[in-house]
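Take a look at the structure below.
Hydrogens, waters and symmetry mates play no part in the numbers below; they use all other heavy atoms, side chains included. Chain letters run A, B, ... following the sequence lines, proteins first, then strands; residues in each count from 1.
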2 protein chains.
Amino acid sequence: MSLHEVPLSAPKCGDCPIRHRAVCARCEADELAALDAIKYYRSFEAGQTLIWSGDRMDFVASVVTGVATLTQVLEDGRTQAVGLLFPSDFVGRPGRDTAPYNVIATTDLLMCCFRKKPFEELMGRTPHIGQRLLEMTLDELDAAREWMLILGRKTAREKIASLLAIVGRREASLHRRAPQGRIVFDLPLTREAMADYLGLTLETVSRQISALKRDGVIELSGKRHITIPDFDRLMEEAGDDADGGLVG
Amino acid sequence: MSLHEVPLSAPKCGDCPIRHRAVCARCEADELAALDAIKYYRSFEAGQTLIWSGDRMDFVASVVTGVATLTQVLEDGRTQAVGLLFPSDFVGRPGRDTAPYNVIATTDLLMCCFRKKPFEELMGRTPHIGQRLLEMTLDELDAAREWMLILGRKTAREKIASLLAIVGRREASLHRRAPQGRIVFDLPLTREAMADYLGLTLETVSRQISALKRDGVIELSGKRHITIPDFDRLMEEAGDDADGGLVG
DNA sequence: CGATAAATTGAACTCCGTCAAACCTAGTGG
DNA sequence: CCACTAGGTTTGACGGAGTTCAATTTATCG
């Protein structure tokens, strides 16, 4: 663990911004109290690696605020991101004790953690947790399969448009709005992180973003602040039909 | 449903070849009896599409024998396979009623089906089913993420080697053997299906298979019967380290 | 304002896709 | 029994989308 890590005191679950979407979403008051008793918060800075692939994992956690990525790396250094974690997303697998991926904070990050053993025990006598975790895992599986289509069959321009659509959609859903018309958000990823997601080089990412800007599909202020003037137009550029390919 | 579909009488679960690996793996005798009561078998011929994306799905099922693929298709026809289903793998999601993918039999196929409603009810009062389904879904998620690395970062040659390694490993595990040394199996996929998996064209698949044959990494009799003289050599060609990248 | 990482842009190259033709191989029917 | 067919597969030649290597510009934070 890095020196930058800052333990925090734990606010009550009732006030939690991810209460209704996280692994605890279905829990009753008493179940929540049990979780409350074993939870602790940790924060990380943008760029930090929280977990290294192969490390012993003795906790599981939910993202409270910020964004993180899961990445896999080949021996020669080629890197592929395989998961994009937004607030309410879950990290770690009950029953497994070494991490299969690197987990990297791409923005400042606050995590709600549970030591694995107590969490597993609690899960054993709290079906609501397992049920919610199954739901979330099925959603992640759908998202992973959507990525497989993007990685395998889309052009560089479509890949960028797809990523912007996915990020825009998730940012919108954090504010409980449907993504349509004009969307404004901050990209939580560097060009390199985007490249790692899309199976591209950072140069190609940069070129395609410039092209989308030139063509009026997106507007940029600074490098990270993005405006989508017309979300449907972006969806067309992504190669999906207008009603959106992403499930969940 | 096609005319080729053949309903079969249902053997007892006790004799079932996937009894110990499928969604029913953790069930006790009484739970198994409940499943037995609502199950029915269906068989399909190689090449048949069992389920079309967007179709109403009123059943879930386990693969008993044979292999099937899940595919996604863009409007312009570009196709990406997003799942490879071997015996014991599960199709369908409790709580969802339209299919998100095409499901295609790539060999003759026998499925053990459950109408969705009774299955969901049974799942509600049988934690062992939900627990096993969570386990299997987490394994599928790991497999999907392994595919993301293959699709995003591997060369055509590495992709072919990876696919052969994955198929060889699964075939070996059907016979409860660890994959090492000399492996022999039949490819359950056409060149086109392989291309759809790997984000390649069938021409590139063909060329790379010829190259691997030329280099002694694989041997072919006919188009489908494959011999891997040295599994470790194949793993090297796949770009993974020798102990294997695939989780689960 | 100046330093340093991130991003953009350019030019040459390469791996894989595209288009086209030939080649197997397992059935079919004469 | 063998010619014929059709789907699947192999091979070739060429072109292009994206990579690689390199130089420059921009942003951000002391």
Separation of [N] [atom2] from [X] [atom1] (nearest whole Å):
X	N	atom1	atom2	answer
A:R153	D:dG18	CZ	P	14 Å
A:R191	D:dA27	CZ	C1'	11 Å
A:E158	D:dA17	CD	C1'	12 Å
A:I160	D:dA17	CD1	C1'	14 Å
B:L202	D:dG8	CG	P	10 Å
A:K154	D:dG18	NZ	C1'	18 Å
A:L187	D:dA27	CG	C1'	15 Å
B:K213	D:dT10	NZ	P	7 Å

Problem set entry | Pairwise side-chain hydrogen bond (donor to acceptor under 3.5 Å, both in side chains) hits with a residue in residues 150-167 of chain A, at least two apart |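 Sorted pair list: A:R153-B:D196, A:K154-A:S162, A:K154-A:D240, A:T155-A:E158, A:R157-A:D215, A:R157-A:E237, A:E158-B:R78.
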Exercise. Going 5' to 3' along DNA chain C, which nucleotides are the first and last within contact of chain A (any atom under 4.0 Å from a heavy atom)?
Worked result: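 That gives a stretch of C:dA7 to C:dA11.
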Over all strands shown, is [X] touching base, sugar-phosphate only, or nothing at heavy-atom distances under 4.0 angstrom?
X	value
A:T190	sugar-phosphate
B:G47	nothing
A:S210	sugar-phosphate
A:T204	base
A:I209	nothing

For this session: Ignoring backbone atoms, establish whether A:R224 has a side-chain N or O less than 4.0 Å from OP1 or OP2 of D:dA27.
Result: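 No, A:R224 has no side-chain N/O under 4.0 Å of OP1/OP2 on D:dA27.
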For this session: State whether A:F59 and A:R42 meet the cation-pi test: NZ (Lys) or CZ (Arg) under 6.0 Å from the six-membered ring centroid, and within 45° of the perpendicular axis.
Result: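 That pair qualifies as a cation-pi contact.
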For this session: Can you establish whether the number of heavy atoms outside B:E219 located under 6.0 Å from its atom CD is more than 12?
Result: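 Count over threshold, so yes.
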Close N/O contacts between protein and nucleotides 21-26 of chain D (under 3.5 Å):
{"unit_1": "D:dC21", "atom_1": "N4", "unit_2": "A:E203", "atom_2": "OE2", "d": "3.1"}

